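Comments concern the structure below.
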Amino acid sequence: MISLAGRDILHSWGKFVFTGFGLGLLIGVTLVMAGVYRGMVDDGKVLLDNSGADLWVVQKDTLGPYAESSSINDDLYRSILALPGVTHASNVTYLTMQVRMDERDVRSMVVGIVPGESWGAPGWPPYLVAGRQITRGHYEAVADVATGFKLGDILTIRRNRYTVVGLTRRMVSSSGDPMVFIPLKDAQEAQFLKDNDAIWQSRRRTEVNPAFNRPGVPGLLDAINASQASSNSVNAVLVRIAPSAVPDEVAESIRRWKRMTVYTRAQMEEILIGKLIATSSKQIGMFLVILAIVSAAIVAFIIYTLTMDKIREIAVLKLIGTRNRTIAAMIMQQALALGVIGFAVGKITATYAAPLFPKYVLLMPQDSIVGFFAVLVICALASVIAIRMALKVDPAEAIGG
Amino acid sequence: MSGKGIRINGLRKRYGEGDTAVDALKSVDMQVAPGEVVGLVGPSGSGKSTLLKCLGAVIAPTAGEMVLGDEVIYDDGWRVRDLRALRRDKIGFVFQAPYLIPFLDVTDNVALLPMLAGVPNGEARKHALDLLTALDVQHRARAVPSQLSGGEQQRVAIARGLVNRPPVILADEPTAPLDSERAMAVIRILNEMAQEYETAIIVVTHDEKIIPTFKRVYHIRDGVTHEEAGEGKGFE
Ligand SMILES: Nc1ncnc2c1ncn2[C@@H]1O[C@H](COP(=O)(O)OP(=O)(O)OP(=O)(O)O)[C@@H](O)[C@H]1O
Ligand SMILES: [Mg+2]
């Protein structure tokens, strides 16, 4: 027996290739959508991996520092460091903002880290692709290559200017913004410092307060003003524990003794993926459902039209004794062939289009495999209408009147 | 291969029910011997196509008897279970329009029938080519139907009707799209094939030029048949 579907496809290959191409673009969009979701999850995981932390100590009862804002005292890390099982404890600040360079600005996550700490302290960029780490206490920056900044570039963050001394790679926030690392003191200032007018006003208020401005106590007013102007808050303390220590136990002792909220790696992942990007993933899920329905409708329509065009031939095939099974198989095979062409085009499109997207698009092989079978199932289902119509065709139609 | 050709007794066909019922066939009696080609003529709406559809096991008659070869296929109800296999193995169809499958080449259009019956591709194609040679279209064997002339297409359609060596061939206005020369050629082929393969052939036609070629002609009017001796003067 010959393949009727195959012969028909070869005969009208133009029609198949063109519709397969259109379907393929749709499938390509679907694969990219899935890749966007995977990219978001991966950004979250990379953020946690690259932070090099085992525990995150944040303001009590917050989901900080990534999902909610969190503010804790910057000398807390000392007492955490003293707890058993803790090997590193580093202050860190996170602030998403526009970082300017000359005329252009880049949306980035500015990370404050303590310079001069031992190499590889939690919160630090774990590797550089160019330049060096931050060594001075002020006005140096390490930027992710995705910002587009180069070594020696001068960046403006709030009122200060920073020189890019190092470049790193794949350091992104959970929403995919590239990171810019600056010294902690500068970052605290950028995040918590009031503007000049506000400082001025609060000084004036302090001056007129007789309790602070006492003639007999020199230096008191200055000390109070200095304490008001400087910031001593950070967003989180990143903790690394000894290999032998159990994360949950160390976390529990920090919770008990310091009355802070502490998250382990697993809990942090749950916050990032389960909460922070949950809405986005539902959004993408909705898109995937819509795209699947649209693809199904297109395949159904095309197969239906192709079958309509062949009604006469189908009547003849039936008249000369072709089994219904053979005719149904012919239509279904054509739908599947369309799906295979579409998937191939879609996969190629997605592969070449993914790097062009501004945020990370991660195409996972398993998504492609699932997608492939989903396409086949959709095509098979979509051919049902055409098959039902073909089976209803009366062989008497071939004889005519 | 076919003992007694075609025999039809008291065949009736009613379309619809009640007030709108149409008695397309009221009383049809026919007999066609193996190797014989008979004409079936009648005015429009007289029931010619209906008769072919009943005989071709495409629609069910209302009452009567039909015998193909030595098998009673209908006797106030179908007597064969698999009508599709009956059509495939026992009946060849040739239509007014050739209705070839546009995506198969000429050889496979003809070979499809034996293939459907489970004959291996190579054997089916060889058989098809033999027939195409007999019908003088073997030089177009690899072409698709749209590349053939009307007469060539009709010959391919005849080859398809003959390929399973059916005891019966039903032809509905097979010469309508052809000029008289080609129409005569088609009738000649049908006669040759009837002789060679012992096939009983019924040809429905309006064509004044080919009616005289039949030895016997059945006239049908308002669903009733009358047999008449034809002129049977052959072709040349
Ligand atoms: N499916 C049907 N339902 C109801 N009536 C039908 C149907 N098919 C045919 N008829 C009627 O049965 C009668 C015979 O029709 P048939 O098609 O057999 O005529 P015919 O001899 O082939 O005519 P023509 O030469 O015009 O093709 C006509 O009156 C027609 O209207
Ligand atoms: Mg008719």
Side-chain angles (χ1 to χ4, degrees), chain A residues 1-20 302-303 305-335 337-338 341 386-387 390-401, chain B residues 44-45 48-60 82-105 107-121 124-125 144-146 157 160-161 163-164 166 170-173 204:
Chain A
M1 189 56 201
I2 46 175
S3 160
L4 292 174
R7 293 305 188 84
D8 192 18
I9 291 171
L10 287 181
H11 182 71
S12 44
W13 63 269
K15 224 188 271 182
F16 272 88
V17 167
F18 277 117
T19 47
I302 291 166
I303 291 295
T305 330
L306 288 175
T307 309
M308 274 301 257
D309 291 346
K310 284 199 292 280
I311 283 295
R312 256 257 118 89
E313 287 78 34
I314 288 171
V316 172
L317 284 172
K318 283 185 155 188
L319 185 71
I320 64 177
T322 312
R323 270 186 301 239
N324 280 345
R325 187 148 41 90
T326 310
I327 291 169
M330 172 176 88
I331 295 169
M332 178 154 307
Q333 284 164 14
Q334 290 184 342
L338 205 55
I341 296 172
I387 288 175
L391 296 189
K392 273 202 225 115
V393 171
D394 187 355
E397 272 180 43
I399 298 182
Chain B
S44 181
K48 302 183 296 293
S49 296
T50 304
L51 177 57
L52 284 200
K53 284 177 192 170
C54 290
L55 205 48
V58 178
I59 60 173
D82 190 350
L83 294 179
R84 202 167 23 227
L86 173 79
R87 289 201 296 266
R88 187 186 66 207
D89 301 332
K90 295 264 171 89
I91 301 165
F93 294 92
V94 180
F95 315 109
Q96 173 175 338
Y99 296 148
L100 300 172
I101 309 296
F103 51 83
L104 297 180
D105 67 23
T107 311
D108 283 346
N109 256 287
V110 177
L112 181 62
L113 267 106
M115 286 178 186
L116 287 172
V119 175
N121 291 359
R125 290 205 177 103
V144 289
S146 60
R160 182 177 65 186
V163 69
N164 272 354
L170 305 176
D172 197 356
E173 313 229 11
V204 168

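Just so you know, these numbers use all the heavy atoms, side chains as well, and skip hydrogens, waters and symmetry mates. In this text the structure is predicted, and so the values were computed from the model without any measurement. Chain naming here is simple, since letters A, B, ... match the order of the sequence lines and numbering starts at 1 in each.
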**Members of residues 307-320 of chain A whose heavy atoms come closer than 4.5 Å to chain B** = A/K310, A/R312, A/E313, A/V316, A/L317, A/K318, A/L319, A/I320
**Asked** Measuring heavy-atom distances to chain B, does A/D394 have an atom under 4.5 Å in its side chain, in its backbone, in both, or in neither?
**Response** side chain
Please flag which part of [X] lies under 4.5 Å from any non-hydrogen atom of chain A: side chain, backbone, both or neither.
X: B/L86; answer: neither
X: B/P120; answer: neither
X: B/L113; answer: side chain
X: B/F95; answer: side chain

**Message:** Which heavy atom of B/I59 sits nearest to which heavy atom of A/A396, and what is that distance?
**Reply:** CG2-CB, 4.3 Å
**Request:** Using the test salt bridge (charged side-chain N to carboxylate O under 4.0 Å, His left out), find all partners of B/R125 that sit at least two apart in sequence or belong to another chain.
**Result:** B/D108
**Prompt:** Which pairs with one or both residues in residues 83-97 of chain B pass salt bridge (charged side-chain N to carboxylate O under 4.0 Å, His left out), sequence neighbours excluded?
**Reply:** B/E71-B/K90
**Prompt:** After noting the C-alpha distance and the side-chain angles of A/L4 and B/L104, does the key distance pass the side-chain contact (heavy atoms from CB on, under 4.5 Å) rule?
**Reply:** CA-CA 8 Å; A/L4 292 174; B/L104 297 180; 4.1 Å; yes
**Request:** Only counting residues at least two apart or in another chain, list the ones meeting side chain to side chain contact (heavy atoms under 4.5 Å, CB included) with B/A124.
**Result:** B/A111, B/P114, B/M115, B/V119
